[in-house]
Amino acid sequence: MSQQNEMLQTAQNLIRETAKKINLTQEEIDLIVQPDRIIEVKVPVEMQDGKIKTFVGFRSQHNNVLGPYKGGIRFHQNVSREEVMALSTLMTLKCAANNLPLGGGKGGVIVNPKELTENELENLSRTYAKAIAPFIGEDVDVPAPDVNTDGKIMMWMLEEYEKKINKKSPATFTGKPVGQGGSLGRTEATGRGGVMVMQNLIKQTNSDYKTIAIQGFGNVGYYFSKIAFEKGFKIVAISDVFGAIYNENGLNPEQVMMIVKEKGSVINFEDAKKITNEELLVLPVDILVPAALENVITKENVENIQAKIIVEMANGPITQEAYDTLKAKNIISIPDILANGGGVIVSYFEWLQNRENSTWTEEQVNEKLEIQLAGAFEEIWNISKKLNLDLKQSSFVSALAKIAGKKV
Ligand code: NAD
């Protein structure tokens with residue numbers, strides 16, 4: 001089975017399994033599992049040499065019971081129908097678990113953007129936006145950046161969309177650059193939200209966990225480590241695609257980032273021991289933060305994990321088999337739909353600001369983010385106690401109950 005198919009199966013199985021905890025009927029479960037609509041579009045692009053190359057794009061609109069579909073657009077060679085279906089399903093659950101009045105969507109184009117020139121990338125973005133324009137809108141479906149797409153690409157897409165509908169509609173795309181309708185605090189939001197949720201868990205469990213190892217030092221890993229460091233946590237290890245560094249006395253993420261900017265990787269940071277990526281995952285730390293890729297904690301390494309808490313900042317970093325072992329070892333994992341929900345929450349704030357034609361300060365954004373996440377955490381925590389479930393199952397129960405209009 002392809003990895004995308006497996007991700008879809010895993011999400012659907014977990015929905016079916018947890019829906020039973022709130023007594024949803026088979027008919028209700030089927031209604032939630034199946035996406036509302038999957039749009040497949042042809043994306044013909046004029047290339048540098050004047051020839052037309054045709055790409056294939058998708059937009060999966062999974063469920064809009066709670067509000068407009070919301071989710072990113074990725075440009076990647078592995079994009080597939082199954083992948084956008086799976087990711088849009090997880091967006092439905094993420095929005096619901098975080099109490100956002102939004103549903104789940106996801107889009108993508110099968111392309112390796114690294115093989116395109118800047119002009120070709122712009123043509124591709126504009127053509128894809130024109131193709132999906134009849135199906136999106138600020139009250140219908142609101143895309144955002146995802147893998148290999150960013151604020152600049154959102155602006156190209158928004159321009160095409162606005163040309164099509166012949167009016168301004170900035171709330172149709174989020175993740176826009178600040179100053180062009182984007183929200184302050186969005187860049188840091190996913191990492192900041194993860195730290196907030198981690199602190200909620202530490203408070204609930206009355207623990208004094210301090211040491212952290214971070215896998216991945218991109219947007220999420222960097223801001224998570226920077227904000228955790230500022231709050232007094234000790235970041236002892238950091239990795240990127242080239243390798244990992246470890247200093248049991250602690251690392252200052254801002255100093256590490258300076259070296260990354262100058263020399264390209266964390267491994268060039270001198271005041272630390274070089275270790276392998278695999279060694280980072282099994283260090284004797286309190287908290288492990290996978291913030292890079294999916295499926296990194298597997299049956300091969302799970303037995304050696306020593307952390308007491310895992311904060312799933314990447315989407316799907318733990319395989320199902322590994323999850324069962326972690327539970328048996330009493331290691332608590334904070335599920336991705338809660339841990340990395342800060343990003344979509346601040347995207348929602350951007351949508352609100354655009355619609356109200358207002359600009360919130362960064363302090364306002366962070367304060368509202370904290371309230372939103374604390375509410376979601378408390379609900380999920382209480383469900384886990386009441387139904388004796390782990391936090392992943394509880395986050396699915398919390399989301400499914402809202403979608404199905406049931407009380408837990
Ligand atoms: P990014 O591209 O900015 O950073 C990824 C980092 O992971 C880089 O430092 C890269 O070197 C590192 N990396 C790649 N392979 C690695 C490996 N094998 N071992 C160690 N490090 C490795 O991406 P990002 O935006 O930080 O996203 C990271 C994860 O968080 C992804 O799973 C993404 O889906 C998820 N996520 C991101 C957001 C967001 O707002 N950016 C929101 C929700 C979820």
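For ligands, and for the atoms within them, numbers begin at 1 and follow the listed sequence. Atoms considered below: every heavy atom in the structure, side chains included; atoms not considered: hydrogens, waters and symmetry mates.
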Would you mind listing which atoms of ligand 1 come within a distance below 4.0 Å of any non-hydrogen atom of N315?
32 (O), 34 (O), 44 (C)
Taking only non-hydrogen atoms of T190 and a 4.0 Å limit, the atoms of ligand 1 in range are 38 (C), 39 (C), 40 (O), 42 (C), 43 (C)
Any protein heavy-atom neighbour for atom 9 (O) of ligand 1 (distance below 4.0 angstrom)?
yes
Describe, in one word, how the ring planes of Y128 and F75 are oriented to each other, choosing from parallel (under 30°), tilted (30 to 60°) and perpendicular (over 60°).
perpendicular
Quiz question: by atom type and distance under 3.5 Å, do the side chains of T117 and Q48 form a donor-acceptor pair?
yes
Is the closest basic N to carboxylate O distance between R16 and D30 below 4.0 Å?
yes
Backbone or side chain, does any N or O of V220 fall under 3.5 Å from an N or O of ligand 1?
yes
Closest non-hydrogen atom pair between A272 and L251, with its separation:
CB-CD2, 4.0 Å
Can you find an N/O atom of F217 closer than 3.5 Å to an N/O atom of ligand 1?
yes
Just checking, any donor-acceptor pair under 3.5 angstrom between side chains of N98 and Y348?
no
Pair S333, E312: side-chain N/O donor-acceptor within cut-off below 3.5 Å
no
What are the atoms of ligand 1, with element, lying closer than 4.0 Å to any heavy atom of M313?
30 (O), 35 (C), 44 (C)
Counting both backbone and side chain atoms, is some N or O of G218 under 3.5 Å from an N or O of ligand 1?
yes
Subset of ligand 1 atoms that lie under 4.0 Å from at least one heavy atom of A292
7 (O), 13 (N), 21 (N), 22 (C), 28 (C), 29 (C), 31 (C), 32 (O)
Does this structure show an ion pair linking E159 with K163, if we count only N-O contacts that are shorter than 4.0 Å?
no
Heavy-atom proximity to atom 11 (O) of ligand 1, picking from V346, V241, I337, points to V241
Hey, looking at atom 15 (N) of ligand 1, which of V266, T187, L293 has the closest heavy atom?
L293
